[in-house]
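Below, read A as the first sequence line, B as the second, and so on, with proteins coming before strands; counting in each chain starts at 1.
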Number of protein chains: 2
Amino acid sequence: MKILIVEDEAKISDIVKAYLQREGYTVQVAPDGETALEQLKDGFDLIILDLMLPDMAGEEICEMIRRDSDIPIIMLTAKSDEEDRIKGLGIGADDYVVKPFSPRELVARVKALIRRTKGTRRTYSFNNRDLVIDTDRHEVMKAGRTLTLTPTEFKILNTIAERPGQVFTRLQLVNTILGYDFEGYDRTIDAHIKNIRHKIEDNPRKPEYIKTVYGVGYKFIGRLDED
Amino acid sequence: MKILIVEDEAKISDIVKAYLQREGYTVQVAPDGETALEQLKDGFDLIILDLMLPDMAGEEICEMIRRDSDIPIIMLTAKSDEEDRIKGLGIGADDYVVKPFSPRELVARVKALIRRTKGTRRTYSFNNRDLVIDTDRHEVMKAGRTLTLTPTEFKILNTIAERPGQVFTRLQLVNTILGYDFEGYDRTIDAHIKNIRHKIEDNPRKPEYIKTVYGVGYKFIGRLDED
DNA sequence: ATATAAATATGAAAATACTGATTGTTGAAG
DNA sequence: CTTCAACAATCAGTATTTTCATATTTATAT
């Protein structure tokens, strides 16, 4: 997923670039309008556009882009007037963020917009993307390989991975996954845990992710990658 | 174009409603969460959601909506913390506007979001033009041969192909294709999927494009061509 | 250390749930 | 009146979930 930042102040573009790269985006920076229009030919999935550029107005660039492209645009600017915002959104920007801004909020807005444009992708990962859980695709990636988990397996993994370190009793898992009305036997969970381990663990006999807490239940261990 | 405002303070909803109506939108107001979820069945194109409601948290409503719908959501709230904003965008909102807000800016954001949502691609193709979807002609080309899909088949294919990889539940598809008020049986989708597969798959028994996700629904798999 | 009891892991069979294909009915369009 | 698409219902074939019997591991008390 490629993002172009059009911004002349290196101080700002460096920060934004760093935050976005940490999310796995490929980022390029254009310090002025001319460079931006040149680089746009490479094809990007989103543009973050500063309105105050040395050579031309950001609004002008926005209009030029909109003549032949539908690429998502986030305007980034010190102009906080209501009029400016309305004008920015009016000429085809998708979002308008005012400086000083929070880089994390900007990233959240980038994600929301990309989700809207490309399709949802709520993903979280552990241990430098060794294990990636993608809720929208209903898939889990282990060391870059895509696994398909059954619905129950997926729910169990997703439940415990959302709270790394917290122990879940079998009863809690049965209630959450199979529902409070489930009449069966709580050792069913064991069988599912076994199957999940065979799919996600390097050595299912010495699990790294799903630990057994003797006499209590199971817990998920993993370092959540920065979001 | 129908918009639902979920807001308990009449003073605010009246203003927003007036501004939106002036733009030609059809507007309905729900004063609490329960009413909102009830009214949602009527099918709206966008929701403006206050987070502080008398009966339930707006975040909760947002999550419930996102379970079976991709409708655009703008959160409207007094909570201005960075954390709240990131969380709001994280659970599937498209935009987050802080009170006190400018009604005109809100309208501009509504327009920007609707433009983004409704402006879909006209024609796009997968796997080196093996499968070409042409929205205007309502036609699909498979390996150079033109197929004619029925209206429902086309809508289903178009919906899932616009977001390759994302799983769609039958309920989501029913809501999107047949409307929220549709009372029928969601297994109907299966029959349509079967028919689509017979038209676009080389071997409908081993589908390459439309994959079944057991216990969840269907997803479209394909490499979108660059152009 | 070792024995013992208790808890967990495993593999395979049985029970259940889900999908895909078939068929028939309904309703709308020409 | 005919045709075609949409929807509903059914059934057989699969995939998944659950159970159960057995093996293995763990905790604890000698």
Side-chain angles (χ1 to χ4, degrees), chain A residues 138-140 147-160 167-179 181-220, chain B residues 138-140 147-160 167-171 173-220:
Chain A
H138 225 256
E139 276 175 3
V140 173
L147 314 172
T148 307
L149 273 68
T150 67
T152 304
E153 287 166 10
F154 192 83
K155 272 189 235 164
I156 291 176
L157 178 61
N158 200 40
T159 302
I160 62 176
V167 184
F168 290 82
T169 66
R170 290 179 180 72
L171 190 59
Q172 281 176 333
L173 289 173
V174 164
N175 287 343
T176 315
I177 311 297
L178 285 352
D181 51 342
F182 179 76
E183 291 291 324
Y185 170 63
D186 67 352
R187 289 289 159 166
T188 294
I189 296 295
D190 297 28
H192 290 299
I193 293 285
K194 186 206 73 177
N195 294 329
I196 298 169
R197 281 176 172 157
H198 275 272
K199 292 182 182 179
I200 70 168
E201 299 282 4
D202 292 321
N203 178 2
R205 296 309 196 91
K206 297 193 67 163
E208 290 296 319
Y209 282 112
I210 301 181
K211 299 281 192 184
T212 302
V213 182
Y214 190 92
V216 186
Y218 299 96
K219 68 175 165 185
F220 182 92
Chain B
H138 244 244
E139 273 177 3
V140 174
L147 314 171
T148 308
L149 273 67
T150 68
T152 305
E153 285 167 10
F154 189 82
K155 270 192 235 166
I156 291 176
L157 178 61
N158 195 220
T159 301
I160 63 176
V167 182
F168 290 81
T169 65
R170 290 178 180 74
L171 188 60
L173 290 172
V174 165
N175 286 345
T176 317
I177 311 297
L178 287 348
Y180 280 90
D181 50 342
F182 179 79
E183 290 293 324
Y185 185 54
D186 66 355
R187 284 322 173 104
T188 293
I189 296 294
D190 295 28
H192 293 300
I193 292 286
K194 190 210 77 179
N195 294 330
I196 298 169
R197 280 178 174 156
H198 275 273
K199 293 181 182 178
I200 70 168
E201 299 281 4
D202 292 321
N203 178 2
R205 297 308 200 87
K206 296 191 71 159
E208 290 297 320
Y209 284 113
I210 301 182
K211 299 280 191 185
T212 302
V213 182
Y214 189 96
V216 186
Y218 298 96
K219 68 176 161 185
F220 183 93

Could you list, one pair per line, each protein nitrogen or oxygen that sits under 3.5 Å from a nitrogen or oxygen of nucleotides 22-30 of chain D, together with the distance?
from   : atom 1 : to       : atom 2 : distance (Å)
D:dT26 : O2     : A:Tyr214 : OH     : 3.3

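- Checked against D:dT19, C:dG20, C:dA9, the side chain of B:Tyr218 finds its nearest nucleotide in C:dG20.
- Atom OG1 of A:Thr152 sits about 12.5 Å away from atom CG of A:Leu157, to the nearest 0.5 Å.
- A:Ile196 CD1 to A:Ile160 CD1: the interatomic distance, rounded to the nearest 0.5 Å, is 6.5 Å.
- Contacts of B:Leu147 classified as side chain to side chain contact (heavy atoms under 4.5 Å, CB included), with partners at least two apart in sequence or in another chain: B:Val140, B:Lys142, B:Leu149, B:Lys199, B:Ile200.
- Between the NE2 atom in A:His138 and the CG atom in A:Asn158 there is a gap of 8.0 Å [rounded to 0.5 Å].
- Residue B:Ile189 contributes atom CD1, which lies 8 Å from atom P of D:dC7 at whole-angstrom precision.
- Here the P atom of nucleotide D:dT16 and the CG atom of A:Leu178 are 16 Å apart, to the nearest Å.
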Requested in this report: Decide yes or no on side-chain contact (heavy atoms from CB on, under 4.5 Å) for B:Arg170 and B:Tyr218, but give the supporting numbers first.
Outcome: CA-CA 8 Å; B:Arg170 290 178 180 74; B:Tyr218 298 96; 3.3 Å; yes
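- The CZ-C1' distance, from A:Phe182 to C:dA15, rounds to 12 Å in whole Å.
- Once rounded to the nearest 0.5 Å, the distance linking CD of B:Glu153 with CD1 of B:Ile156 reads 7.5 Å.
- For B:Arg187, a side-chain nitrogen or oxygen approaches OP1 or OP2 of C:dT19 to under 4.0 Å.
- Remark: A:Lys194, A:Arg197 in residues 192-202 of chain A come within less than 4.0 Å of DNA chain C through at least one heavy atom.
- Separation of atoms OG1 (A:Thr212) and NZ (A:Lys219) is listed at 10.5 Å; rounding is to 0.5 Å.
- In this structure a side-chain-to-backbone donor-acceptor pair under 3.5 Å is present from B:Glu201 to B:Glu208.
- At the phosphate of D:dT19, OP1 or OP2 sits under 4.0 Å from a side-chain N or O atom of A:Thr188.
- Atom OH of A:Tyr185 is separated from atom C1' of C:dT16 by 18 Å (rounded to the nearest Å).
- To the nearest 0.5 angstrom, B:Asn195 atom CG is 11.0 Å from B:Asp190 atom CG.
- Checking B:Tyr209 against B:Arg197 by side-chain atom types alone, no donor-acceptor pair falls below 3.5 Å.
- The separation between B:Lys211 atom NZ and C:dT19 atom C1' is 15 Å, rounded to whole Å.
- A heavy atom lying under 4.0 Å from DNA chain C marks none of the residues of residues 149-160 of chain A.
- The overall bend of the helix from C:dA1-D:dT30 to C:dG30-D:dC1, read as the angle between its terminal helix axes built from five base pairs each, is 40° when rounded to 10 degrees.
- In this structure, the CG atom of B:Asn203 is 13 Å from the C1' atom of C:dG20, given to the nearest Å.
- Residue B:Thr212 has its side chain nearest to C:dT19 when only D:dA8, C:dT19, C:dT8 are considered.
- Between B:Lys211 and B:Pro207 the shortest heavy-atom distance is NZ-O, 3.3 Å.
- Annotation: side chain to side chain contact (heavy atoms under 4.5 Å, CB included) contacts of B:Thr159 (sequence neighbours excluded): B:Phe168, B:Leu173, B:Thr176, B:Ile177.
- For the residue pair B:Gly215 and A:Pro151, the shortest heavy atom distance occurs at CA-CG, 3.9 Å.
- Between A:Glu183 atom CD and C:dA15 atom P there is a gap of 18 Å when expressed in whole angstrom units.
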